[in-house]
Amino acid sequence: MNAFSFSGQPFDTAALARTLAHPAAGGFASFEGWVRNHNDGRSVLRLEYEAFAELAVKEGERILAEAHERFPIVAAACVHRLGALRIGELAVWVGVSAHHRDEAFRACRYIIDEVKQRVPIWKKEHYADGDSGWVNCERCAHPASAHEHEHAPEHAQVDYSRQVALPEIGEAGQRKLAVSRVLVIGAGGLGVPVCSYLAGAGVGTLTIVDGDRLEASNLHRQPLYALADVGKPKAQLAAMRLRALNPQVRVHVRIEKFGAANAAQLLAQHDLAVDCTDNFAAKFLLNDACVLAARPAIFASVYQLEGQLQVYRPEDASSPCLRCIWPQATRDGITGNCAEAGVLGPVPGVLGSLQALEALKLLLGLPGQLRDGILLLDLSTLALRRLKAPRHAACTSGRCVRVSGLPAETDPDLELRFGSLANAQRSGFTLIDIREAVEAAARPLPEVTCARVGVSELLADPAQLRPDERYLLVCARGVRSREAATALRTSGVKNVYSLAGGLGSL
C-alpha cells in the first residue's frame with residue numbers, strides 16, 4: 001500500500017498498519033495527530049476539515065513518492081479526516097515500513113511535515129468564544145509576515161531555467177534539490193549567503209539553527225537583515241526573508257543553540273549539515289555529531305581577511321573529519337572571532353558562497369567536489385592553496401576512532417549574567433579580565449577593580465586562584481571566558497564562572 005487518502009469516518013489504525021506489513025520490512029513508524037482542546041490560549045470545542053480533494057490527493061501522492069525517493073522505505077500511507085471532529089479524535093495518520101527503523105522514522109517525519117505545509121486542507125476551529133473561520137492549514141504550518149509576499153504576483157514561482165540549462169543539472173537535478181533537506185547551523189556572516197543561495201537554488205527544506213539576536217555590528221557582513229531588525233532572533237528573520245525570496249522552499253526555524261541535546265534529532269532529519277558557526281566548540285561538536293550520525297558536513301572558518309573550507313563525507317575513504325586533522329578540539333580564545341579580531345564584510349560572504357556551492361555539488365552529485373583536504377584563501381592577495389589532509393589511517397566506514405560520543409553540555413551555572421560589572425563585584429565576585437592587552441587598552445574598565453590575566457597564564461597556573469573566592473572571567477564576547485572557565489573547572493577549580501555574552505552583553 002502506497003497511498004494518500006481522505007476519510008469521513010474514524011479509521012482503524014491497526015488495520016492501516018497491517019496494510020504496510022512486508023517481509024522485507026524490519027521497522028515500522030507511525031504518526032497520529034489528535035484534536036486537542038486548546039490553541040493559542042483559547043478553549044477549542046471541536047474542529048472541521050475540508051479539502052480540495054482532487055488536488056490534495058495528487059499533492060499527497062507526490063509527497064509519498066518523494067519519501068520513497070529520499071528514503072529506502074518499503075511502503076507508506078497517509079490518511080486525513082474530513083468533516084466534523086470531536087476533541088480527542090484522530091485527525092491524521094501516517095505509517096511507514098522500511099528495512100530499518102531509522103529510515104521509517106525519518107520518512108514518517110518527512111511525510112507529515114510536507115503534508116502539513118503543502119496539501120490544500122482547510123480547517124475551522126470552534127472555540128468557546130467563537131470560531132477561527134476557515135484557515136488554510138498550509139499557511140498555518142509556518143505563519144508568514146503580513147508583508148512577506150505582498151509584492152509577489154499570485155501563482156508566481158521562482159524560475160530555475162538558468163541552472164536547469166546546465167547539462168550537469170537539468171530537470172532531474174532540480175527535482176533532486178526539491179526533495180533535499182539541509183541543516184544550517186548559524187545565521188550570521190557565513191549562514192546568510194549559504195541560506196540565500198540554497199533557497200534560491202530550490203533546495204526543498206532548510207532548517208536554520210541559531211539562538212542569537214541581530215546586533216547592529218552584524219549588518220556590514222549580513223546584508224539579509226536590516227537596521228530595523230536589530231534585537232530580533234536571526235533565525236526568525238532569515239526564515240522570513242528566505243520565504244519571501246522563494247515561497248517554494250520550506251524553512252524551519254530553531255531559535256536555540258546546536259548542542260549535544262538536539263544534535264542527533266536534527267541530523268536524522270537532514271541530508272547534510274553546513275557549519276556557519278563562529279567558535280571552535282560548536283564546530284567540533286557538529287563534526288562529532290555528523291561522524292556519529294554518518295552525515296556529511298561542510299565547514300568554514302574566517303579570520304580577518306582569511307578563510308578556510310573543508311568538506312566531510314562519511315562514505316568517502318579519502319575525506320577527513322576535523323579530528324583527523326586536529327585530534328584535540330581547538331580551544332576558543334586562541335584566535336579571536338569576528339567581534340574580537342575584526343572582519344571585512346565580503347570575506348565571510350565569499351566563504352559562505354563556497355559552502356553553498358559545495359552543498360549543491362554534493363546534493364547533485366556534481367564533479368569537482370572538495371574531498372581530501374582543506375582549501376585556504378587569503379582574500380587580501382586572492383591567493384588560494386589546497387592542503388592534502390587524508391582521513392586518519394585507523395578510521396574506517398566513515399567512523400572516526402577519535403569520536404566516541406558527544407561532549408557533555410556546559411555546566412548550567414557556568415555562565416552568569418549581570419547588568420554591570422559593578423553588580424557582579426557587589427555580589428562577591430573577583431573579576432578577572434582575560435582579554436589581550438590591546439583589547440583592554442581599547443576598552444578599559446575603570447569603574448571596577450579587575451585584574452588582567454592572559455588566558456594561557458591563567459590556565460598554566462590554576463593554583464593562583466584562591467579556593468575561598470568566587471571568580472568571574474570577563475572577555476569581549478563571552479566565548480574565551482566560557483572556555484577558560486570550563487578548562488579551570490576540569491582542572492579542579494570549581495569556583496570560577498564566565499560573564500555570559502562578555503562585555504558585549506553590558
What pairs with [X] under side chain to side chain contact (heavy atoms under 4.5 Å, CB included), at least two apart in sequence or on another chain?
X	answer
Asp129	Arg42, Tyr127
Thr277	Ile185, Asp275, Ala282, Lys283
Tyr197	Pro193, Ser353, Ala356
Ile169	Gln163, Leu166, Leu364

Could you pull out all residues at least two apart from [X] that satisfy salt bridge (Lys or Arg N to Asp or Glu O under 4.0 Å)?
X	value
Glu306	none
Glu103	none
Asp212	none

* Any donor-acceptor pair under 3.5 Å linking the side chain of Arg109 with the backbone of Ala107? ->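 Here the side-chain-to-backbone pair does not exist.
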* Between the side chain of Gln248 and the main-chain N/O of Gly202, is any donor-acceptor distance below 3.5 Å? ->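 Checked: no pair found.
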Under 3.5 Å, sequence neighbours excluded: what are the donor-acceptor pairs made by side chains of residues 222-231?
residue, atom, partner, partner atom, Å
Gln222, OE1, Lys234, NZ, 3.2
Tyr225, OH, Ala187, O, 2.7
Asp229, OD1, Arg241, NH2, 3.3
Asp229, OD2, Ala226, N, 2.9
Asp229, OD2, Arg241, NH2, 2.4

* Note, Gln269 side chain near Arg106 side chain (heavy atom, < 4.5 Å) ->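 Sidechains of Arg106 and Gln269: no contact.
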Just checking, is any N or O donor in the side chain of [X] or [Y] under 3.5 Å from an acceptor N or O on the other one?
X	Y	result
Tyr303	Gln308	no
Arg36	Asn39	yes
His270	Thr207	yes

* Contacts of Arg417 that satisfy side chain to side chain donor-acceptor pair (under 3.5 Å) - sequence neighbours left out ->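 Testing Arg417 for side chain to side chain donor-acceptor pair (under 3.5 Å), a comparison that skips the adjacent residues, returns none.
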* To do: Sequence neighbours left out, what passes ring-ring contact (aromatic ring centres under 6.0 Å, His included) with Phe418? Give chain and number order.
  =>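 By the ring-ring contact (aromatic ring centres under 6.0 Å, His included) rule, Phe418 matches Phe429.
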* Test ring-ring contact (aromatic ring centres under 6.0 Å, His included) applied to Phe6 - qualifying residues, sequence neighbours left out ->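 Phe6 satisfies ring-ring contact (aromatic ring centres under 6.0 Å, His included) with Phe4 only.
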Just distance, no hydrogens or angles: give the donor-acceptor pairs under 3.5 Å from side chains in residues 343-352, sequence neighbours left out.
none

